[in-house]
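Written below as structure tokens is the structure these notes are about.
Counting starts at 1 for both ligands and their atoms, following the listed order.
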Amino acid sequence: MSVKVWLVGAGPGDPELLTLKAVKALNQADIVMIDDLVNPAVLEHCPDARIVPVGKRGGCRSTPQAFIHRLMLRYARQGKCVVRLKGGDPCIFGRGSEEADWLTTHGIEVEMVNGITAGLAGATNCGIPLTLRGVARGVTLVTAHTQDDSSLNWPALAQSGTTLVVYMGVAKLPEVRDSLLAGGMRADMPVAMIENASLPHQRECRSTLAGMQQAAHDFQLKSPAILVIGEVAAQQQVRGCSQFVAATPEPVWAQG
Ligand code: SAH
């Protein structure tokens, strides 16, 4: 692998949701710089790499973005193969493109590897189809958390007829609820709140738009969690499988 920085999505948590391309990049990494939301179990694919944690969870001890930039650059200039490993997809609320821009501006080649984003994984695991013919003609991914206090166009979202998947929303439930109600969404719109999506300790709480704050409080909903808001959030049919290896019976042809 030539010297470049790989910006790799580690998926939502279940190590089996890692892509083959991510595994290949990890296999060849000298340095792996990881975020907090990355499941350390994926590091089995890079046993010889140096692991550098650079996490920064909201409200917790954080690694400044500028420091992360400089560190990636320093390792790359030393000729190391650097994997910058991020939870979910690097470009969904992951600052992947900012990091890529910065590196390319400094003459470093960058390759991006998709990961499965938490919102998609969480919904599928709970049997929620984010789009559904005749019910939801699209899906909108939004963050409830902004650094500049700018506001989303909530009335447009409320009336879009698309399923809303809200990231970083646990601390903002009253704002999300009030903004959507004020924007014209009906009070009994189904809501699913999914914590630790795709991990063995995944939990889900179903409610309605008007009731979601109380439901989350009673459930003691904690971050990381995503909110799925829309008609489809009442569905729970074919659920995802987060224990694929354990749950799969021996293949018939291997038994005799
Ligand atoms: N790039 C990531 C998102 C990072 S923003 C992705 O594509 O998934 C961090 C937010 O993502 C969290 O606050 C939470 O809303 C969501 N998130 C990340 N991992 C999650 C998980 N396993 N379960 C539920 N939500 C998760």
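When the shell of 6.0 Å around CZ of R186 is examined, it contains more than 12 heavy atoms from other residues, nucleotides or ligands.
If you look at A225 next to ligand 1, the close heavy atoms, those under 4.0 Å, all belong to the backbone. Residue N196 touches ligand 1 through its backbone alone, judged by heavy-atom distances below 4.0 Å.
For the residues H201, M168, M193, the heavy atom positioned nearest atom 12 (C) of ligand 1 is part of M168.
For G169, no nitrogen or oxygen atom sits less than 3.5 Å from a nitrogen or oxygen atom of ligand 1, counting backbone and side chain alike. Backbone and side-chain nitrogen or oxygen atoms of G119 are examined, and none is located within less than 3.5 angstrom of a nitrogen or oxygen of ligand 1. At under 3.5 Å, not a single nitrogen or oxygen of E195, backbone or side chain, sits near a nitrogen or oxygen of ligand 1. Checked by distance only, ligand 1 and G94 stay at 3.5 Å or farther apart across all their nitrogen or oxygen atoms.
In summary, the atoms of ligand 1 found under 4.0 Å from a heavy atom of I194, numbered by their order in the structure, are 24 (C). Near L37, with a cut-off below 4.0 Å to any heavy atom, the atoms of ligand 1 are 9 (C), 18 (C). For ligand 1, the atoms lying closer than 4.0 Å to a non-hydrogen atom of T117 are 6 (C), 7 (O), 8 (O). Near I226, meaning under 4.0 Å from one of its heavy atoms, ligand 1 places the atoms 15 (O), 16 (C), 24 (C), 25 (N). Each of the following atoms of ligand 1 lies closer than 4.0 Å to a heavy atom of I92: 1 (N), 2 (C), 3 (C), 6 (C), 7 (O).
The shortest distance between side-chain heavy atoms of R95 and I68 does not fall below 4.5 Å. For the pair L71 and V82, the minimum side-chain heavy-atom distance is 4.5 Å or more. Contact of the M33 side chain with the Y75 side chain is registered, since non-hydrogen atoms from C-beta on lie closer than 4.5 Å. Annotation: side chain of M185 is in contact with side chain of L164 (closest heavy-atom distance under 4.5 Å). Residues S207 and Q214 form no side-chain contact, since every pair of their non-hydrogen atoms from C-beta on lies 4.5 Å or further apart.
G13 does not count as a contact of ligand 1, since none of its heavy atoms falls under 4.0 Å from the ligand. Ligand 1 lies out of reach of G122, whose nearest heavy atom is not under 4.0 Å from it. Using a 4.0 angstrom heavy-atom cutoff, P12 counts as in contact with ligand 1.
Put simply, CZ on R203 and CD on E195 are 4.0 Å apart, with the number rounded to the nearest 0.5 Å.
Remark: T140 engages T162 in a side-chain hydrogen bond (donor to acceptor under 3.5 Å, both in side chains) (not counting sequence neighbours). L181 pairs by the side-chain contact (heavy atoms from CB on, under 4.5 Å) definition with R177, A187, L209, not counting sequence neighbours.
Screening N196, D14, N125 for a side chain to side chain donor-acceptor pair (under 3.5 Å) with Q202, the sole residue that qualifies is N125.
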